[in-house]
Student: 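After the structure tokens below, expect a handful of questions from me.
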Number of protein chains: 2
Amino acid sequence: MSKGVEWALHTLLNLDVVGGGPVGSAQLAEAHGLSPSYLNKQLQLLARAELVVSVPGPRGGFRLAKPLEAITLLDVVEAIEGGTELFHCTEIRCGGKIGELSPPPTGRCAVNAAMRRAEEAWHQALAAQSLADIRTELTASPLVRQVVRSALN
Amino acid sequence: MSKGVEWALHTLLNLDVVGGGPVGSAQLAEAHGLSPSYLNKQLQLLARAELVVSVPGPRGGFRLAKPLEAITLLDVVEAIEGGTELFHCTEIRCGGKIGELSPPPTGRCAVNAAMRRAEEAWHQALAAQSLADIRTELTASPLVRQVVRSALN
DNA sequence: GATCCATTACTCGGATAATACATGTCCGAGTATTTGCGG
DNA sequence: CCGCAAATACTCGGACATGTATTATCCGAGTAATGGATC
């Protein structure tokens, strides 16, 4: 799984602490010692998913498009990873000797169905948690908020 | 997620249909039109995980080490993928300005904890399904078994 | 005819390339700010 | 002093290298079967 998901999650939480004003990707990257250009790429993915809005020009940057209560872990993962399909069925049952000897398959591949069930459980667990829940256990102490604000000027 | 998981699952199911006799990796690969050498690599991973046993020499090959009832989807995924960690926390909270200004973190990273919860749901769903369950819905008709047996000589 | 042994052919096993994807970097398009000029 | 316009600096946005993990391939080590020679 891509490392950008971790970057995106922490960055979204930081954006919430700061407040409404847009913050540049360079500052957001410096806050965690990340590659500015690459974080910018992830932020653009978040912008396409309408999780953040980009403000061009001087004093521009990114700000949250929704409150954290409206952003789930699944939203972020799908925004960064694109297709969330962990297990991709290539229908190997239709190839080789078995595929030639068998009639065209009628239902879905049983292997695929089983893996999809597990993946569905993952999706539900991701969708059940919002970033607001993480904020609750992360920034319980006011000290953390203060540090984040001072780190982002 | 690696493509080898799909190959391994189908191959294990085919090994069950055949019965006890060892089957060579070349035949198993030809059954689904796969790369023989690469499938062999996956089978070695399954052998290290004690899901199959390898028999060297002529008339050798691989056979199941356990009945399908004792093999879960999680066993196969862990055997092929090694570390099953979907989300790997790199502790970026300890780097950059925020890391420098903050005191050493006490508990676990809240972001990591949330992702772990979702991953745990995935693991449980994988562990809850055995290959015997898949066999039930896959080889319901005797025709399928017959095709597999004839494809593997 | 049975037994033993050397040969043989076939399989696994791991070391070795080719490829695709994630990671990281760079420069151009666009805009709000700033600055200088004219009224 | 106020309004306007041109220049400017700063930001996003996407196109371009690099590193790494997956995918694919090849050849050697080891073993059971096989064939022949011997008792």
Side-chain angles (χ1 to χ4, degrees), chain A residues 1-8 11 15 21-30 32-65 77 79-88 90 92 95 152-153, chain B residues 1-8 11 15 21-30 32-63 65 77 79-88 90 92 95-96 152-153:
Chain A
M1 156 141 293
S2 181
K3 191 190 297 185
V5 174
E6 182 184 10
W7 296 18
T11 299
L15 279 176
V23 184
S25 60
Q27 297 180 44
L28 290 168
E30 198 179 7
H32 286 298
L34 308 175
S35 183
S37 302
Y38 190 40
L39 179 62
N40 185 19
K41 181 176 248 177
Q42 314 299 341
L43 284 167
Q44 286 176 32
L45 292 174
L46 294 178
R48 288 181 195 170
E50 316 239 353
L51 300 183
V52 300
V53 295
S54 66
V55 179
R59 301 286 299 166
F62 295 90
R63 60 181 169 80
L64 289 176
V77 171
I80 300 295
E81 297 287 322
T84 322
E85 237 179 1
L86 291 180
F87 177 86
H88 179 62
T90 58
I92 62 175
L152 294 175
N153 297 351
Chain B
M1 157 140 291
S2 181
K3 191 190 298 185
V5 173
E6 183 184 10
W7 295 18
T11 300
L15 279 177
V23 185
S25 59
Q27 297 181 44
L28 291 167
E30 197 179 8
H32 286 298
L34 310 174
S35 184
S37 303
Y38 190 40
L39 179 62
N40 185 19
K41 178 175 251 176
Q42 314 298 343
L43 285 167
Q44 286 176 30
L45 292 174
L46 294 178
R48 288 182 195 171
E50 318 238 353
L51 299 184
V52 301
V53 294
S54 66
V55 180
R59 300 287 300 168
F62 295 90
R63 59 180 170 81
V77 171
I80 300 295
E81 297 287 321
T84 321
E85 235 180 3
L86 291 180
F87 177 86
H88 178 63
T90 58
I92 63 176
L152 294 176
N153 297 352

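Residue numbers start from 1 in every chain, and the chains themselves are labelled A, B, ... in the order their sequence lines are given, proteins ahead of strands. What you are looking at is a predicted structure, and each value in this text was computed from that prediction instead of being measured.
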Student: Provide the closest heavy-atom pair for A/V77 versus A/M1 in the form atom of the first, atom of the second, distance.
Tutor: CG1-CE, 4.1 Å
Student: Taking all heavy atoms of A/G4 and all of A/I80, pick out the closest pair and write down the distance.
Tutor: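 Closest approach of A/G4 to A/I80, heavy atoms only: C-CG2, 4.1 Å.
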Student: Send over the distance from A/I80 CD1 to C/dA22 P, rounded to a whole Å.
Tutor: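 Whole-Å distance recorded here is 12 Å.
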Student: Do A/E6 side-chain atoms and B/T90 backbone N/O form a donor-acceptor pair below 3.5 Å?
Tutor: yes
Student: Treat primed atoms plus P, OP1 and OP2 as sugar-phosphate and everything else as base, then score nucleotides 25-36 of chain D 5' to 3': B for base contact with protein heavy atoms under 4.0 Å, S for sugar-phosphate contact only, - for none.
Tutor: BB---BBB----
Student: Would you tell me if any nitrogen or oxygen in the side chain of B/S54 comes within less than 4.0 Å of OP1 or OP2 on C/dT11?
Tutor: no
Student: Taking OP1 and OP2 of C/dC12, is either one under 4.0 Å from a side-chain nitrogen or oxygen of B/Q44?
Tutor: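 For C/dC12, OP1/OP2 do not have a side-chain N/O of B/Q44 under 4.0 Å.
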Student: Can you find a side chain N or O atom of A/R48 that sits less than 4.0 Å from OP1 or OP2 on D/dC12?
Tutor: no
Student: Could you check how far CG of B/L86 sits from P of D/dA21, rounded to whole Å?
Tutor: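 In whole Å, D/dA21 P lies 16 Å from B/L86 CG.
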Student: Check B/L43, B/L34, B/N40 against B/L28 for a side chain to side chain contact (heavy atoms under 4.5 Å, CB included) and give me the one that passes.
Tutor: B/L43
Student: May I ask you to verify if any side-chain N or O of A/S25 is less than 4.0 angstrom from the OP1 or OP2 atom of D/dC12?
Tutor: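 Yes.
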Student: Answer whether the closest heavy-atom distance between the side chains of A/V53 and A/R63 falls below 4.5 Å.
Tutor: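 A side-chain contact under 4.5 Å exists here.
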Student: A/Q42 CD to C/dT25 P: how many Å, rounded?
Tutor: 13 Å
Student: Could you tell me how far apart B/E81 (CD) and D/dT23 (C1') are, to the nearest whole angstrom?
Tutor: 13 Å
Student: Spell out, as yes or no, whether a donor-acceptor pair under 3.5 Å connects the side chain of B/E81 to the backbone of B/S2.
Tutor: yes
Student: Rounding to an integer number of Å, can you tell me how far B/E30 CD sits from C/dT11 C1'?
Tutor: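 It works out to 16 Å between those atoms.
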Student: Roughly how many Å is it from CD in A/E6 to P in C/dT23, rounded to a whole number?
Tutor: 11 Å
Student: Grab the two heavy atoms, one from A/V52 and one from A/F62, that are nearest each other, plus how far apart they are.
Tutor: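 Answer, listing the atom of A/V52 first, then A/F62: CG2-CD2, 3.9 Å.
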Student: What's the NZ-P distance between A/K3 and D/dT18, to the nearest Å?
Tutor: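 Between P of D/dT18 and NZ of A/K3: 19 Å.
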Student: To the nearest Å, give me how far apart CZ (A/R63) and C1' (D/dT11) are.
Tutor: 15 Å
